[in-house]
Amino acid sequence: SISVSEHVVMQILALVRNYMPAYDIARNGGWNIADCVSRSYDVEGMHVGTVASGRIGLAVLRRMQPFDCVLHYTDRHRLPADVEEELNLTFHESAEAMYPHLDVLTVNCPLHPETEHMLNDDTLALLKRGAYVVNTARGKLADRDAIARALESGHIAGYAGDVWFPQPPPKDHPWRTMPNHAMTPHIS
């Protein structure tokens, strides 16, 4: 099986490269490449950041570094200077200070009262228009309706992950039908 950090990188690439819609086009008998690439981008040069740089967050940053991304992180505990230098990391004192710089946000922090619904209308508004969000940590880190609204308005370009609240989600959970998502059952 793959590690959680490998799963996060796969989710990032699936979103940015527009994998899910392209897969659906091919699966449904289509082959219009222009439709497939209309929302497909390279990650090279994108600003990718993680909330939390523990075992998983740091592994995600290490796996994204060869893609020539500009890497950002925030954590209660700053990484050693040699790690920051090795990966050319930019440290931010808070998630809110980091969000405006990112093209891709990955959330790798634990769930506790301070982080519950940390992805909400106010914090999502801090992201660049068209940013991507990946959450494989805990579903309750995100306000489910705020995520759906941000996707429907186009403020965020995509949302991916494998964590839902509740799990399993009801059939009418908005993440099942929101646009530009790459959600899977909890597999990582």
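As the structure is a prediction and not an experimental result, all values here were calculated from the model.
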Exercise for the section: Check for a donor-acceptor pair, side chain of Ser5 on one end and backbone N or O of Ala59 on the other, with a separation under 3.5 Å. Expected result: no
Problem - Arg27 to Asp24 - nearest heavy-atom pair and separation - result: NH2-OD1, 3.2 Å
Practice task
Any salt bridge (Lys or Arg N to Asp or Glu O under 4.0 Å) involving residues 73-83? Give me the pairs, sequence neighbours left out, ordered by first then second residue.
Solution key: Arg76-Glu114, Arg78-Glu84
Problem - Hphob cluster co-occupancy, Tyr159 + Met10, side-chain heavy atoms under 4.5 angstrom - result: no
Exercise for the section: Not counting sequence neighbours, which residues clear ring-ring contact (aromatic ring centres under 6.0 Å, His included) with Phe91? List them please. Expected result: Tyr73
Exercise for the section: Could you tell me whether the side chain of Met64 reaches within less than 4.5 Å of the side chain of Leu71, counting heavy atoms only? Expected result: yes
Side-chain atoms of residues 97-104: list all donor-acceptor pairs with protein atoms under 3.5 Å, sequence neighbours left out, distances to 0.1 Å.
unit_1: Asp103; atom_1: OD1; unit_2: Lys128; atom_2: NZ; d: 3.2
unit_1: Asp103; atom_1: OD2; unit_2: His47; atom_2: N; d: 2.8

Exercise for the section: Heavy atoms only: give me the nearest Val133-Leu15 pair and the separation to one decimal. Expected result: O-CD1, 3.7 Å
Exercise for the section: Without swapping roles, check the side chain of Thr106 against the backbone of Val8 for a donor-acceptor pair under 3.5 Å. Expected result: no
Fill in the blank from the handout: Scanning both residues in full, the closest heavy-atom pair of Ala157 with Gly130 reads CB-O, 3.2 Å
Practice task
Show your reasoning for whether side-chain contact (heavy atoms from CB on, under 4.5 Å) applies to Ile147 and Leu124.
Solution key: CA-CA 8 Å; Ile147 294 294; Leu124 292 170; 3.9 Å; yes
Practice task
Name all residues meeting the side-chain contact (heavy atoms from CB on, under 4.5 Å) criterion together with His7; count only those two or more places apart in sequence or in a different chain, and write none if there are none.
Solution key: Ile2, Gln11, Thr136, Asp162, Thr184, Ile187, Ser188
Practice task
Identify, with sequence neighbours excluded, every residue that meets salt bridge (charged side-chain N to carboxylate O under 4.0 Å, His left out) alongside Asp145.
Solution key: none
Problem - Asn120: partners by side-chain contact (heavy atoms from CB on, under 4.5 Å), with sequence neighbours left out - result: Asp122, Thr123, Asp143
Practice task
For Arg62, check side-chain contact (heavy atoms from CB on, under 4.5 Å) against everything at least two apart and list the hits.
Solution key: Leu58, Val83, Glu86, Leu87
Exercise for the section: List the steps, then state whether side-chain contact (heavy atoms from CB on, under 4.5 Å) holds for Leu13 with Phe67. Expected result: CA-CA 11 Å; Leu13 295 173; Phe67 290 99; 3.9 Å; yes
Practice task
Kindly indicate whether the side chain of Arg176, heavy atoms from C-beta on, has any atom under 4.5 Å from the side chain of Pro169.
Solution key: yes
Exercise for the section: Could you check if a side-chain atom of Val51 sits within less than 4.5 angstrom of a side-chain atom of Met118, using non-hydrogen atoms only? Expected result: yes
Exercise for the section: Indicate if Leu126 and Val48 have the same hydrophobic cluster label, given that clusters are the connected sets of ILVMFWY residues with side-chain heavy-atom separations under 4.5 angstrom. Expected result: no
Completion exercise
salt bridge (charged side-chain N to carboxylate O under 4.0 Å, His left out) filter on Asp68, not counting sequence neighbours, yields none
Handout entry: Counterpart residues, salt bridge (charged side-chain N to carboxylate O under 4.0 Å, His left out), relative to Arg63 (two or more places apart)
Key = Glu6
Exercise for the section: Give the other cluster members for Ile33, using side-chain heavy-atom distances under 4.5 Å between Ile, Leu, Val, Met, Phe, Trp and Tyr residues; answer none if it is isolated. Expected result: Trp31, Val37
Handout entry: Separation between CG of Asn108 and CG of Asn135, rounded to the nearest 0.5 Å
Key = 8.5 Å
Practice task
Show which residues join Met20 in its hydrophobic cluster (side-chain heavy-atom contacts under 4.5 Å, direct or indirect), or state none.
Solution key: Tyr19, Tyr23
Problem - Co-membership, hydrophobic cluster, residues Met46 and Val60, 4.5 Å side-chain - result: yes
Handout entry: Worked verdict on Arg39 versus Asn180 for side-chain contact (heavy atoms from CB on, under 4.5 Å)
Key = CA-CA 10 Å; Arg39 294 179 50 93; Asn180 306 318; 3.2 Å; yes
Exercise for the section: Might you point out which heavy atoms bring Ala148 and Trp175 nearest each other, and give the distance in Å? Expected result: N-NE1, 4.4 Å
Practice task
Give the cluster check for Phe165 versus Val134: same hydrophobic cluster or not, with ILVMFWY residues linked at side-chain heavy-atom distances below 4.5 Å.
Solution key: no
Handout entry: Cation-pi, Trp164 ring and Arg144 (6.0 angstrom, 45 degrees)
Key = no
Exercise for the section: For residues Ser38 and Asp35, report the shortest heavy-atom separation together with the two atoms involved. Expected result: OG-O, 3.1 Å
Exercise for the section: Would you check if the side chain of His186 reaches a backbone N or O of Gly161 as a donor-acceptor pair within less than 3.5 Å? Expected result: no
Problem - Contact check, side chains of Cys109 and Leu141, non-hydrogen atoms, under 4.5 Å - result: yes
Problem - Pairing residues for Pro170 by the side-chain contact (heavy atoms from CB on, under 4.5 Å) criterion, not counting sequence neighbours - result: Pro166, Asp172, His173
Handout entry: side-chain contact (heavy atoms from CB on, under 4.5 Å) between Val107 and Leu119, intermediate numbers included
Key = CA-CA 9 Å; Val107 182; Leu119 298 174; 3.9 Å; yes
Completion exercise
Heavy atoms of Tyr41 and Arg17 approach each other most closely as O-CD, 3.0 Å
Exercise for the section: Examine Val4 and Ile12 and state if one hydrophobic cluster contains both, with Ile, Leu, Val, Met, Phe, Trp and Tyr joined whenever side-chain heavy atoms are less than 4.5 Å apart. Expected result: yes
